[in-house]
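These notes are about the structure you will find just below.
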Amino acid sequence: MELVEESPYRFRIDRHGPMRVPGVVFAARALLPDLGEDRSLDQVANVATLPGIVGAAYAMPDVHWGYGFPIGGVAATDVAAGGVVSPGGVGFDISCGVRLLAADLTRADLPRLREALLDGLDAAVPRGMGRGEVWQLTDRAELDAVLRGGSRYAVERGHGVAADLDRCEDQGAVGDADPAQVSDRAVQRGQGQVGSLGSGNHFLEVQAVDEVYDEPTATAFGLRTGQVCVMVHSGSRGLGHQVCTDHVRAMERVMPRYGIEVPDRQLACAPVDSPAGRAYLGAMAAAANYARANRQLLAEAARRVFARVAGARLDLVYDVSHNLAKLETHPVDGSPRRLCVHRKGATRAFPPGHPDLPADLRPVGQPVLIPGSMGTSSYVLTGVAGAPAFASTCHGAGRVRSRRQATRTVRGQDLRRDLAARGVAVRGTSWRGLAEEMPEAYKDVTAVVDAAEGAGLCRRVARLVPLGVVKG
DNA sequence: ATGTAC
């Protein structure tokens, strides 16, 4: 794999073999994957072969190996030119993403409140492998309402306020969700997990704004130095996983019908404008809405705890996905084209002035929420005009050591003690799960954000530091 | 990420 350094923070993989477009990797040298053990740049080259792909196959500074597509990847296909949609370009955790809420508390309030807040959150947040739910659904009809309405349906049912929806990507619900394309098995897995955190790198964190880089933008986002925040990182649980599994299989079956050949069967895909493509996009939107409702309910659980323990309010800053495919219009070779933009471990970052942003955010751009690894900083960024990669940026730190490697290095009990000594209180459910998330298993999120900003993908607005973390 | 294998 040959990388050509085009400019600082931008490397090119020239077209070779069946690649239809080049690959572009946004990164500092130190962040590039270890070519010996991480095949993610080969995956970038593989993605570049997909029918209808335009521009380039992009990799973000947090890129690492994933299912078919790399995690930290962006690929857009031209719908009218036979462009495909691929479940592997979204990932198993459909609409996994981040929600940030700002409290009317300052850091100085925390010493007296922290343990009680974390104990309250520990009790109020269902989490861990296979476990759910804040919200007991009565039947499939109610789950279908979640799949169609996402956060909007949760708010209609009293779980939140209407103003929340202005601070959600897609006003809280992806359009054109088709619950009929969600299998009975996916429904079965999802029925008992609505309003649950999950496991792995998912978390709910109490944080403080440690540094503001852009005061006017931070103010527009509702953030100020010293403010206490809550960050939720969660996704579509077993339901999204099953939707991905089902539709990868369905696409493997129909690919020959469209004459599509891919270098890796994990790149299974179908034209956006085909029955299989539409079926996946309808199911994907439904799973995305499940994830949105999930984060809405988790935020409500946190609000109840903050109200009871501290008499404090939590206002929504923003909710945004980093695993989704979307139909968006972007210029290609100077003319606007309808594209299917796959973002897998990549965050949409609309620039100032974008018509899809609510009026109060339009002058400053879309909030982009970047969770760090456990015990490290998280960042709030914003989109910038004229950015490459179809208004996308990084999504987090990016794993560099496997879960197994991590558990061989540290015991969960020791990690929890070390974090506590550094001022980060932990409420976990699994010692092994905790060890797997050791900060050293990830890239340095600050270096990732610096590279993303240096590459012209986004701009820093604020840095948040953890005070306490609730882990699955 | 995930009923960490159907």
Side-chain angles (χ1 to χ4, degrees), chain A residues 38 40 43 60 62-73 86-99 126-133 182-204 232-250 252-253 266 283-284 286-288 290-292 294-295 298 320-325 342-347 371 373-374 394-408 412 428-438 441-442 471-472:
Chain A
D38 178 309
S40 59
Q43 294 186 313
M60 300 293 137
D62 48 344
V63 66
H64 57 113
W65 182 86
Y67 179 88
F69 288 58
I71 296 162
S86 174
V90 172
F92 280 87
D93 194 0
I94 295 167
S95 203
C96 178
V98 182
R99 172 175 289 227
R127 60 198 194 275
M129 178 63 70
R131 290 183 291 223
E133 73 233 311
V182 177
S183 69
D184 290 343
R185 177 180 278 205
V187 168
Q188 209 168 34
R189 291 179 68 172
Q191 199 89 44
Q193 296 183 323
V194 186
S196 65
L197 195 64
S199 59
N201 64 359
H202 289 166
F203 64 78
L204 184 149
V232 180
H233 180 202
S234 181
S236 50
R237 308 291 332 273
L239 183 138
H241 193 279
Q242 192 64 43
V243 164
C244 183
T245 302
D246 293 340
H247 287 263
V248 164
R249 282 190 196 138
E252 279 175 347
R253 284 196 298 272
Q266 295 184 351
M284 180 207 73
Y290 184 96
R292 311 296 178 84
N294 205 22
R295 290 196 288 275
L298 290 164
V320 66
S321 309
H322 47 235
N323 282 0
L324 206 62
H342 300 73
R343 297 186 181 92
K344 178 186 189 179
T347 314
S373 48
M374 189 169 55
C394 57
H395 86 303
R399 188 174 275 278
V400 285
R401 291 165 73 178
S402 70
R403 296 183 177 281
R404 178 180 287 266
Q405 277 177 310
T407 53
R408 279 200 292 251
T429 54
S430 146
W431 291 119
R432 190 174 68 156
L434 200 64
E436 288 176 348
E437 293 302 314
M438 68 186 296
Y442 286 86
K471 288 290 293 176

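Reminder, nothing fancy here: chain letters follow the sequence lines and each chain counts from 1. Basis for what follows: all heavy atoms, side chains included, without hydrogens, waters or symmetry-related copies.
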Between protein and nucleotides 3-6 of chain B, what N or O pairs are separated by less than 3.5 Å?
| from | atom 1 | to | atom 2 | distance (Å) |
| --- | --- | --- | --- | --- |
| dG3(B) | OP1 | R189(A) | NH2 | 2.1 |
| dG3(B) | OP2 | Q193(A) | NE2 | 3.1 |
| dG3(B) | N1 | R189(A) | NH1 | 3.4 |
| dG3(B) | N2 | R189(A) | NH1 | 3.1 |

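- Taking only side-chain nitrogens and oxygens, S199(A) comes nearer than 4.0 Å to OP1 or OP2 of dT2(B).
- Residues passing the salt bridge (charged side-chain N to carboxylate O under 4.0 Å, His left out) test with E437(A), sequence neighbours excluded: R399(A), R403(A).
- Nucleic acid contact class of G200(A) (heavy atoms, under 4.0 Å, all strands): sugar-phosphate only.
- Under the ring-ring contact (aromatic ring centres under 6.0 Å, His included) criterion, H241(A) pairs with F92(A), sequence neighbours left out.
- In this structure R343(A) satisfies the salt bridge (charged side-chain N to carboxylate O under 4.0 Å, His left out) test together with E328(A), sequence neighbours excluded.
- Whole-Å rounding puts the R399(A) CZ to dT2(B) P distance at 13 Å.
- Here F69(A) pairs with H342(A) under the ring-ring contact (aromatic ring centres under 6.0 Å, His included) rule; sequence neighbours left out.
- The salt bridge (charged side-chain N to carboxylate O under 4.0 Å, His left out) check on R189(A) picks up nothing, with sequence neighbours excluded.
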